[in-house]
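One-based numbering, in listed order, for ligands and for the atoms of each. Source: prediction; values computed, not measured. One-based numbering along the sequence shown.
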Amino acid sequence: MLRSSMLAAAAAIVLVAAPAYAQVKWDLPSAYPADNFHSENLAAFARDVADATAGKLAIKVYPNASLFPATAIKSAVRIGQAQVGEILISVHENEDPMFGIDVVPFLAASYDEARKLWLASKPAIERRLASQGLMVLFAVPWPPQGIYAKKEINTVADMQGLSWRVYNAGTERIAQIVGAYPVTIQAADLRQALATGLINAFMTSSATGYDTKAWETMTYFYDTQAWLPKNITFVNKAAFDGLDKPTQESLLKVAAAAEARGWWRSQDKTKWYGEQLAARGMKVLPPSAALKAGLHQVGERLTGEWLTRAGGDGQAVIDVYRKLGT
Ligand code: PCA
């Protein structure tokens with residue numbers, strides 16, 4: 001009698017200690033610093049997933065390219081080395097022009113336009129990622145892209161001969177058109193690259209300028225608002241299919257909330273990022289009329305080049321975008 005009750009008590013302890021379900025653990029590699037708003041949004045997403053699934057699905061975020069370099073994240077998730085990942089989608093523009101639609105200068109240069117461009121291009125981007133075994137969870141834009149430079153830039157001619165940090169094929173092409181020398185460096189390596197003193201200029205957001213302490217080497221930030229590139233968070237489809245239905249539904253719900261929160265945070269923090277640059281001594285300026293006109297010309301040329309590469313599919317997305325009213 002005594003023995004059996006002891007056994008029952010022991011069994012109860014085992015039941016309490018072991019979870020009532022098998023916990024699923026996923027890794028989420030990303031490429032930007034932990035205190036960047038994208039990474040904070042990912043951390044909030046992971047917390048929300050844990051809450052919504054009562055701990056059934058646990059996502060561990062690895063910011064700052066600590067698990068994989070930026071350019072390797074997509075393939076790592078494809079082959080299942082990680083289950084979820086966040087990438088700057090335009091890094092993969094070389095694979096497919098559709099991945100670079102959000103870096104065509106001045107095609108969508110405000111949050112409102114960027115939203116419409118995402119709406120118009122989402123089905124095409126989802127189809128392409130689906131063919132690679134990947135499923136989109138959510139997308140969040142960077143603040144508008146401007147020019148950081150050591151010297152004054154008043155016209156595109158002033159960019160000639162500069163050593164110009166780029167982050168993808170689109171930004172490399174801009175450097176080529178203006179006669180600068182492109183050097184491809186991902187954000188996680190940018191601060192160190194700037195410290196060598198070899199980079200004269202680059203285009204990115206106020207956020208990445210802040211993250212990389214651009215004021216240590218650059219003097220000017222021209223707020224050209226040329227495009228808003230997006231990070232996309234996506235999941236390995238087989239890993240998603242392996243979840244039970246309620247967990248899948250919770251994940252998708254939390255992902256939709258992360259997209260809404262991310263867009264809001266991006267837009268809301270843009271002003272703050274600009275103020276931080278100015279507070280640290282950078283000259284934060286609007287572009288001159290001549291620089292603006294020159295960049296718009298570059299933008300038109302790149303729109304043409306993109307359409308040539310993207311063909312009918314690309315034109316169809318642009319048509320939908322234009323119909324949404326810009
Ligand atoms: N920051 C990232 C991508 C776009 C941005 O604003 C970078 O500079 O690499």
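Looking only at protein heavy atoms, the nearest one to atom 9 (O) of ligand 1 is Arg165 NH2, 2.8 Å. The closest protein non-hydrogen atom to atom 1 (N) of ligand 1 is Thr208 OG1, 2.6 Å. At the top of the distance list for atom 8 (O) of ligand 1, counting protein heavy atoms only, stands Thr204 OG1, 2.6 Å.
With respect to the salt-bridge test (charged N to carboxylate O, under 4.0 angstrom), the residues Glu152 and Lys283 do not qualify. Residues Arg115 and Asp112 are not paired through a salt bridge, judged by the lack of any N-O separation under 4.0 Å between the basic side chain and the carboxylate. Of the charged side-chain nitrogens involved, at least one lies within less than 4.0 Å of a carboxylate oxygen, so that Lys74 and Glu95 count as a salt-bridged pair.
Taking only nitrogen or oxygen atoms, main chain and side chain alike, Gln145 reaches within less than 3.5 Å of ligand 1. Close N/O approach between Tyr32 and ligand 1 is not found [any backbone or side-chain N/O within under 3.5 Å].
Note on ring orientation: taking the six-membered ring where Trp is involved, the planes of Trp227 and Tyr167 are tilted (angle from 30° to 60°). The aromatic rings of Tyr210 and Trp272 sit perpendicular, their planes meeting at an angle over 60°, well past the 30° parallel limit.
With a 4.0 Å heavy-atom cut-off, ligand 1 is reached by the side chain of Leu88 but not by its N, CA, C or O. Contacts with ligand 1 closer than 4.0 Å are made by heavy atoms of both the backbone and the side chain of Ser205.
Short contacts between ligand 1 and Pro229, defined as distances under 4.0 Å to a heavy atom of the residue, involve ligand atoms 4 (C).
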Pair Tyr148-Thr208, side chain to side chain contact (heavy atoms under 4.5 Å, CB included): steps then yes or no: CA-CA 11 Å; Tyr148 290 84; Thr208 292; over 6 Å; no
